[in-house]
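See structure below.
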Amino acid sequence: MKHMISLIDWSADEVAEALRLAGEFKEKPLSKRGALDGKVLGMIFEKSSTRTRVSFEVATLRLGGHALFLSTRDIQLGRGETIADTARVLGRMCNGIMARVFEHEKLAALTASGLPVINGLSDLLHPCQALADALTIIEHKGSLEGRTLAYLGDGNNVAHSLINLGARSGLAVRVGTPERYGPDPAIVAAAREAGADVTVTHDPVEAVQGVDVVYTDTWASMGQEAEAQARAQVFAPFRIDEALFAKAAPDAIFMHCLPAHRGDEVTDAVIEHERSVVFDEAENRLHTEQAVLFMLMA
Ligand code: CP
Ligand code: NVA
């Protein structure tokens, strides 16, 4: 059984195939309309979502299947039924599971369903985001190979999956974070082991100097709301404003997984910049997820 729990579990060829298919779906959304005929994707959400929920629901529909929105506010999982029991029940009724969870380990527990499991974001990783980001970079920069992306801010789930993308594509990744907020050293080490060009620095200017892509995410992720004020102080030097964006290559693009906290990690001027591609990036979630669903569930 194949899953999309981490991008590092997919080969470079599989990632390339997903991106090729995504391009096809972007041009012809209904080209494989019957592929998920009669099939159901159970979508468990422990956290809020706009893009992930809508893109998976629309992508499933475009393949002829049906997606169920299962918020833990409503299902028994939120009242203490175990992940393993929930998985076994969904295994009897659905054909695939997409889950947005706090603890990453819950995704492995969901494989007890016997179904393909897709990570719709965990505290550790956000692989579907990185896949959409890859498509966006290819569209705007022509390729991943030979390009450099600077991620500024928290060394979090989004940063980790971009590092994994580097290991599966030839995209060089520079991560600039405050001290103590760097990416998980085990993820960096595994990516380097797989041949990725990953640099970690605590200097925002060094991180963005001359790069093709400048990327950021919220300073306080879902579940870290209580730390938001303290983090705002520590992360302030990593805010992407016009001066910092100008240190990147003259044709560099700006990316953000969204939702953005305008004025914190990015200024209005940069997110509205003519070289900001954040809404192409959001749209590409739909096309890349349609590709993942097709590869795992058709
Ligand atoms: N980027 C992303 O995953 O957005 P949502 O939280 O809205 O799903
Ligand atoms: N790092 C953010 C990403 C949201 C899509 C979070 O986990 O909240």
Side-chain angles (χ1 to χ4, degrees), residues 4-7 22 41 43-60 67 69-73 97-107 118-137 149 151-165 173 175-178 181-184 187 213 215-229 231-232 234-235 238-240 254-262 264-266 271 276-290 292-293:
M4 174 47 92
I5 292 180
S6 168
L7 213 49
L41 176 72
M43 307 194 299
I44 298 173
F45 281 92
E46 288 191 335
K47 303 175 178 175
S48 303
S49 171
T50 299
R51 282 142 288 265
T52 305
R53 177 184 175 179
V54 175
S55 55
F56 271 103
E57 199 160 327
V58 174
T60 306
F69 175 65
L70 307 169
S71 161
T72 49
R73 272 194 290 268
I97 297 176
M98 192 281 293
R100 168 165 287 196
V101 295
F102 287 96
E103 297 82 8
H104 183 72
E105 296 67 32
K106 286 178 179 162
L107 296 162
I118 301 170
N119 181 356
L121 179 142
S122 67
D123 283 349
L124 190 69
L125 296 172
H126 199 1
C128 296
Q129 181 66 53
L131 216 45
D133 298 340
L135 182 63
T136 312
I137 295 167
L149 174 149
Y151 173 94
L152 257 70
D154 191 16
N156 63 8
N157 40 18
V158 169
H160 291 154
S161 286
L162 289 168
I163 290 169
N164 285 341
L165 174 66
V173 179
V175 184
T177 75
Y181 292 93
D184 184 333
I187 289 184
V213 182
Y215 196 122
T216 190
D217 181 20
T218 181
W219 292 339
S221 285
M222 289 180 276
Q224 298 173 331
E225 289 78 5
E227 297 172 35
Q229 243 183 337
R231 282 171 168 260
V234 181
F235 282 86
F238 293 82
R239 173 178 300 121
I240 302 178
F254 172 74
M255 297 179 69
H256 191 310
C257 58
L258 303 180
H261 302 74
R262 290 163 180 252
D264 286 342
E265 71 272 10
V266 60
I271 201 166
S276 165
V277 299
V278 298
F279 296 105
D280 291 345
E281 181 183 3
E283 181 196 325
N284 282 339
R285 292 291 304 277
L286 171 58
H287 311 302
T288 48
E289 280 149 24
Q290 191 173 348
V292 169
L293 290 170

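Whatever order the structure lists them in is the order used to number ligands and atoms, beginning at 1.
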Hey, does [X] come in under 3.5 Å of ligand 2, counting only N/O atoms on both sides?
X	value
D217	yes
R100	no
N157	yes
K47	no

Counting distance only, does the side-chain N/O of [X] pair as donor-acceptor with the main-chain N or O of [Y] below 3.5 Å?
X	Y	value
S49	T52	yes
R239	V266	no
E281	H256	yes
S161	V158	no
S122	H104	no
H261	T218	no

Going by heavy atoms, is [X] under 4.0 Å from ligand 1?
X	value
L258	yes
R100	yes
R285	yes

**Request:** Take every heavy atom of L258, measure it against each atom of ligand 2, and state whether any distance is under 4.0 Å.
**Result:** yes
**Complete:** Within the 4.0 Å heavy-atom cut-off, what H126 brings close to ligand 1 is side chain
**Item:** Residue part near ligand 1, for Q129, under 4.0 Å between non-hydrogen atoms
**Value:** side chain
**Prompt:** Looking only at side chains, do S55 and E289 share a donor and an acceptor under 3.5 Å apart?
**Reply:** yes
**N or O contact, C257 vs ligand 1, cut-off under 3.5 Å** = yes
Among all protein heavy atoms in this structure, tell me which lies nearest to [atom], with the distance rounded to 0.1 Å.
atom	answer
atom 7 (O) of ligand 1	T50 N, 2.7 Å
atom 8 (O) of ligand 2	M222 N, 2.8 Å
atom 4 (O) of ligand 1	R51 NE, 2.8 Å
atom 4 (C) of ligand 2	L121 CD1, 3.8 Å

**Fill in**
Residues V213 and M255: closest non-hydrogen pair is CG1-SD, 3.5 Å
**Request:** Assess R53 against F45: is NZ or CZ under 6.0 Å from the centre of the six-membered ring, and within 45 degrees of the ring's axis?
**Result:** no
**Prompt:** Which atoms of ligand 2 have any heavy atom of N156 under 4.0 Å away?
**Reply:** 1 (N)
**Request:** Take atom CD of E225 as the centre, draw a 6.0 Å sphere, and report whether it contains more than 12 heavy atoms from other residues, nucleotides or ligands.
**Result:** yes
